[in-house]
Amino acid sequence: MAGKPKLHYFNGRGRMESIRWLLAAAGVEFEEELFETREEFEKLIQGEKKSLFPGQNSMVEIDGMNLVETRAILRYLAAKYDLYGRNIQEQAWIDMYVEALKDLSDMIMFFPLSLPGEKAMNLEYILQRATTRFFPVYEKALRDHGQDFLVGNRLSWADIQLLEVILMAEECKPSVLTGFPLLQEFKARISCIPTIHKFLQPGSQRKPPLDEGSIETVKNIFRFERGMFLKNMGTIVAEY
Amino acid sequence: MAGKPKLHYFNGRGRMESIRWLLASAGVEFEEKFIETPEDLDKLKNDGNLMFQQVPMVEIDGMKMVQTRAILNYIATKYNLYGKDIKERALIDMYIEGMADLNEMILVLSLCPPDQKEAKIAQIKEKVTDRYLPVFEKVLKSHGQDYLVGNRLSRADIHLVELLYYVEELDPSLMANFPLLKALKTRISNLPPVKKFLQPGSQRKPPISEEDLEKARKIFRIK
């Protein structure tokens, strides 16, 4: 088997963070080649022999493949490391849970790129969605079966993704889990899993949220010319 | 096992159409319950049928499945259209996620303000001929097989052919320089279940009319 998986991305969370989480939770060591400038980014995407679609901005080298597309990578890893359920029904539940979480995490991910005048509005929208559409579903799931994990009474991709998104939401508003006692317990429990606990320590490959300084870098690398904004269906619209 | 899958959506393509294509191509009969008014959608929500308050929703095998990709993954896995192992699945996933980007652009085109539409269409056409179609033409050329992955029919072929029909609707000349894709489209279209789905009177939906678009905007409360 080839060496460690190698991640190609910019030095920030973005679409690669969920992949880092999954690898770390599975106890898989990985390397990263991180770019900081537009030029480095161009060098990556112009290596077309490496990447499937021209203009990709992320890639994972693993098991002799150059994988692009976040979902393709996540599903491969989840299946490989036995985090995708034991049968087709469990896979279905995991997929439903992670797809919804992606909607929420995308909103949070793009929030720092809001047009200045729309920041407050977007934040309110995100928190409203989190606490009325998404978190109640996961709280109920845990309450209904009384188990420690979302699906199949064992750790899966869904649990890892939920923890990641809870932490992102708490960065937006620390008290966001008020009213969700089972999610609070869940957060504590999953954070204690040794591989995840390690990933949550300073010095791990986990990336910090975008700060003012890195926002400009990101805008430049990915050429976001205008701000991001949330439309009423929760769809992110990017103009770049 | 429960009866036929039951699809809950409005009477149009939207995000349900790729699910209709996949079921039909797998030879699976399905029922549809159309949402006609905002009240219909409210009822679905209030009766607790929509896990995240959203459609598409498909009742299948005792589950009320939501999230388009979750539904498609389940159908593809169940009907053996998802490759023979995780590496083939990874390849299929890469191809179809790329297709989903293009499909999404075409889908939201109908919501584009009229004054921006022409520019948007030009943008899409350029992406079709410069970014997406060349990739798939190249894949077919590289292995010379009849299907995109694993030398047998998979969801990648079905999603691609669906997309090629939309490309053709946008502008037939876009397919001019992609002979292998044209051949794939013909080949897949001749498979008996697909051929049946392409006939008039099937559950395949036409492009959305202005009237139905207004109706959909009301149902989904899109401004």
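No experiment lies behind these values; they were computed from the predicted model shown. Just so we're on the same page: letters track the sequence lines, and every chain starts at 1.
- For the pair A/Asp95/B/Gln67, no side-chain contact is recorded, criterion being any heavy-atom separation below 4.5 Å from C-beta on.
- Around atom NZ of B/Lys205, more than 12 heavy atoms belonging to other residues, nucleotides or ligands sit under 6.0 Å away.
- Counting non-hydrogen atoms of other residues, nucleotides and ligands closer than 6.0 Å to NZ of B/Lys33 gives a total of 12 or fewer.
- Contact of B/Met51 with chain A is made through backbone and side chain together, with heavy-atom distances under 4.5 Å.
- Of all heavy-atom pairs between A/Ala72 and B/Ala90, the closest is CB-O, 4.1 Å.
- Closest approach of A/Asn66 to B/Met94, counting heavy atoms only: O-SD, 3.9 Å.
- Atom CG of B/Asn73 sits about 5.0 Å away from atom OH of A/Tyr84, to the nearest 0.5 Å.
- B/Tyr74 places a side-chain heavy atom less than 4.5 Å from the side chain of A/Gln89.
- Counting non-hydrogen atoms of other residues, nucleotides and ligands closer than 6.0 Å to NZ of B/Lys43 gives a total of 12 or fewer.
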Apply side chain to side chain contact (heavy atoms under 4.5 Å, CB included) to residues A/Glu99 and B/Phe52 and explain how you reach the verdict.
CA-CA 11 Å; A/Glu99 282 298 314; B/Phe52 299 102; over 6 Å; no

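- Using a 4.5 Å heavy-atom cutoff, the side chains of A/Asp103 and B/Gln54 are in contact.
- Ranked by heavy-atom pairs under 4.5 Å with chain B, the first of A/Lys140, A/Gln91, A/Arg71 is A/Arg71.
- Of the possible donor and acceptor atoms, none in the side chain of B/Lys87 sits under 3.5 Å from a partner among the backbone N and O of A/Met65.
- The two residues B/Asp93 and A/Arg75 make their nearest non-hydrogen contact at OD1-NH1, 2.5 Å.
- The shortest non-hydrogen separation linking A/Ala92 to B/Ala70 is O-CB, 4.4 Å.
- More than 12 heavy atoms of other residues, nucleotides or ligands lie within 6.0 Å of CD in A/Gln128, so this atom counts as buried by the packing criterion.
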Chi angles and distances behind the side chain to side chain contact (heavy atoms under 4.5 Å, CB included) call for B/Gln53, A/Thr132:
CA-CA 10 Å; B/Gln53 315 307 317; A/Thr132 62; over 6 Å; no

